[in-house]
Amino acid sequence: MKTLIVGGVAGGASCAARLRRLDEQREIIILERGGFVSFANCGLPYYVGEEIKDGSLLTLQSPESFLKRFRIEVRIHSEVIAVEPETKTVLVRDLEKGVDYRESYDQLVLSPGAKSVLPKLPGVDCKGVFTLRSIPDSVAIKEYIAKEKPASAVVVGGGYIGLEMAENLKRKGLRVSVVELADHLLPPLDGDMAADVHRYAREKGLELYLGNRLQGMEETETGLRLTISRGALETELVILAVGVRPDTGFLEGSGIRLTDNGSIAVDRRMQTNLPHIYAVGDGAQVRHFVSGEFAFLPLAGPANKQGRIAADNLCGIPSEYRGTLGASVLKLFDMTVAAAGLNETAAKKAGFDYDKTYGYFASHAKYYPDATMMSVKVLWDRKSLRILGGQIVGFEGVDKRMDVLATAMRLGAKVTDLAELELCYAPPFGSAKDPLNMIGFIGENVATGKLKQFFPEDVASLPRDGSVTLLDTRTRMEYTRGHIPGFMNIPLDELRENLHLIPEGKPVYVHCHSGFRSYIACRILTGNGYDCYNLAGGWRLYDSVVNDKEAVPYLCTRDK
C-alpha cells in the first residue's frame, strides 16, 4: 500500500506519523512544496520579534528525522501541480531541478494548507511589503529590518497574526499602525468585547485605523505611502495580514469537489467525493461544531486532529471529525484575548434565538496580591440553554477559563451547568466562586426569571420622559466621576431608605459598575413590587463601548 501526502506542516505531517504508527509496512511519501516539512507557523511573529531567537526551534521535524524515526520519505521543494485520479497519479514539479514527473499512489491525502491573501491593489509588489505565512517569509522580514532599519511599520489586518506582528514590531522599537477594514479588531470578538482591546492597544502605543480600507501603495523617497479610506499613511514597512484562503488551485480539473471559497469538500471521515482521496487541514472544508454550518477555520489544533482521523480511516479504523469549535487565544503584550464558538454576528446568521451573559471578575482572590480583572461574555440558546460561544478579555487566567468553557461547549453543556463546575481553588489561582461559576449563576437567574437584563446598545433608546425610572446604584464618588445621562443616583446601601423616590408602577432600569450591586438592587426592588431591569456588564462595559466609539483616531497624513 502506497500513500502520498501532499503538504506537511500540521495536517499532513500528523497524518503521516499516525499512519506509520498504525501500519509499519505501507510506503508513505510526503511531497512538500517548501523547504520545511513540519514547522510551527504560529511562532513566526515571535521569531520576527526575537522573542524566539533560534529559528531552528520552529522546525518540528525534518526530512532526515522523518526518515530515521518513521521511515517516511519526505521530498521538499516538490510541488504537486496536478492530481490525476483516473490514473491514480500526481504531477510533481521538482523546484530544485526544474523538471516534472508523475508519482503513483494507492491512497492520496491532500494537505495543501492556505496561502496569504494578496489584495489586487497597486503597490503590493513594492519593496518593503511582506506577508507572513512561512519560515522564509519571517526570515525575509527579519533581514529587511536588519538591513533597512525602518522606524515605522503598518500592519494591514487586525486579526490574530496582524496583532501578533504589531506587538513584535513595536517591541523592536518601530512606530506601528494597524489598518483594519472592520469597525473593530479580532473577528472572533464582538465589538463590545473588542473595545477593551482597542483601549489597551492604544495605551501600548499602537495607532489604530479602524473602518479603513487599504486602497493602494506606492514607493516614495522615504519609504511607502499607503492610501486608505480616510486619508494616507507614510511608513517604511508594510505587513499584509488580511487573511488566508485555501491553496487549492492545483486541483482544478481533477474532479475533486471544491466549495465556493476553494476549500476541499470532505465528509466526517475527511474523505473527498473521490475514492481513496482524503483532505485535511486549512485546505479542507469543515463544519462549525456549534452551528453545524460549513466554515473556513484555519487553525493548527483542528488540522492535527483531522490528520489523525484521516489516517485512522485510511487504515480501516472508523473515525469521524465532529467539527471545529474555533477555540483561539491571543497574547497582545500582557493582555490575553480568547474566544470559542459563535459570536453574536455568527449566532444571528445561524438563526439562533440567543441570550447573553456578561461578567467582570478578578483572576484570583482579590485579597491575594496582584489580581487582575477579566471581562467575560457568554452566548446561550434561550430554549435549550446550550452554550453557543464565549469571549474573554483580560490578563492572568483568561486562557484556563476559556479552555474550561470550550470543553464545556464540546460536551454540550448548558449555561446553567457552569454554576455546578467544581474547579481548583486556592487564593493565588482563583476564587471559591470562579468567574465561570458566576456566569452560570447569572445565566441561571436569567433563565429562571429572577433577573431581567438590558444591554449597552439599549441605553440610548431608553425614554427620558419619566415613563421609566433610570437608576445608578454606585457610590456618589463613582457617580461624580462619570455617569449615564438621565440616570439618578441612589447608592445601593441607601436604596431601601429611599424607595419613596422611585415612582411605583413604572419599570426601573438599574446599573452599577459591573452588574453585581445593581442585581442586588433589582432583588430589593422586585421584592417591593417593582419591575426591574439590570444593565448587563454595568457602567464599566457601557463606558468602554461608548469611549471606544468616541475615541479620537490618530490623524492620517492627508493628500493636499
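Bear in mind the structure is a predicted one, so any value in this text is a computation, not a measurement.
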Contact between [X] and [Y] at the side-chain level, heavy atoms closer than 4.5 Å - yes or no?
| X | Y | answer |
| --- | --- | --- |
| Ile5 | Leu19 | yes |
| Phe395 | Thr336 | no |
| Leu186 | Leu163 | yes |
| Ile145 | Leu169 | yes |
| Phe130 | Val238 | no |
| Leu342 | Ser291 | yes |
| Ile264 | Ile256 | yes |
| Val154 | Ile239 | no |

Taking atom [atom1] as the centre, does [X] end up with more than 12 heavy-atom neighbours from other residues, nucleotides or ligands that are less than 6.0 angstrom away?
| X | atom1 | result |
| --- | --- | --- |
| Arg175 | CZ | no |
| Arg171 | CZ | yes |
| Asp54 | CG | yes |
| Glu86 | CD | yes |
| Glu219 | CD | yes |

Side chains of [X] and [Y]: do they bring a donor and an acceptor to under 3.5 Å?
| X | Y | result |
| --- | --- | --- |
| Ser104 | Lys2 | yes |
| Gln107 | Thr3 | yes |
| Thr235 | Ser152 | yes |
| Glu396 | Ser363 | yes |
| Ser177 | Glu207 | yes |

Would a distance-only check, ignoring hydrogens and angles, find a side-chain to backbone donor-acceptor pair under 3.5 Å from [X] to [Y]?
| X | Y | answer |
| --- | --- | --- |
| Arg33 | Ser78 | no |
| Gln391 | Leu189 | no |
| Asn212 | Leu210 | yes |
| Asn273 | Gly255 | yes |
| Gln306 | Gly281 | yes |

Residues [X] and [Y] bridged, charged N to O under 4.0 Å:
| X | Y | result |
| --- | --- | --- |
| Lys204 | Glu167 | no |
| Glu320 | Arg269 | no |
| Asp417 | Lys414 | no |
| Lys149 | Glu236 | no |
| Arg401 | Asp434 | yes |

To the closest 0.5 Å, what do you measure between [atom1] ([X]) and [atom2] ([Y])?
| X | Y | atom1 | atom2 | answer |
| --- | --- | --- | --- | --- |
| Arg133 | Asp282 | CZ | CG | 5.0 Å |
| Asp94 | Leu31 | CG | CG | 10.5 Å |
| Leu22 | Arg18 | CG | CZ | 4.5 Å |
| Met193 | Leu185 | CE | CG | 14.0 Å |
| Lys331 | Asn168 | NZ | CG | 7.0 Å |
| Lys377 | Asp192 | NZ | CG | 3.5 Å |

So among Glu103, Glu32, Glu96, which one has a salt bridge (Lys or Arg N to Asp or Glu O under 4.0 Å) with Arg75?
-> Glu103
Among Leu108, Val6, Leu110, Leu251, the one residue meeting side chain to side chain contact (heavy atoms under 4.5 Å, CB included) with Val80 = Val6
Assign the ring pair His184 / His198 to parallel, tilted or perpendicular, where the plane angle (0 to 90°) is split at 30° and 60°.
-> tilted
Under the salt bridge (Lys or Arg N to Asp or Glu O under 4.0 Å) rule, what do Arg287 and Glu293 come out as? Steps first, then yes or no, please.
-> CA-CA 5 Å; Arg287 288 189 182 272; Glu293 296 182 348; over 6 Å; no
Let me see the working for Ser328 and Tyr160 under side-chain hydrogen bond (donor to acceptor under 3.5 Å, both in side chains), right down to the final yes or no.
-> CA-CA 9 Å; Ser328 54; Tyr160 284 88; 2.8 Å; yes
Looking at Tyr321, is Arg268 sitting on its ring face, NZ or CZ under 6.0 Å from the six-membered ring centre and within 45 degrees of the normal?
-> no
Verify side chain to side chain contact (heavy atoms under 4.5 Å, CB included) between Tyr278 and Val266, making sure each step is shown before the conclusion.
-> CA-CA 7 Å; Tyr278 291 71; Val266 294; over 6 Å; no
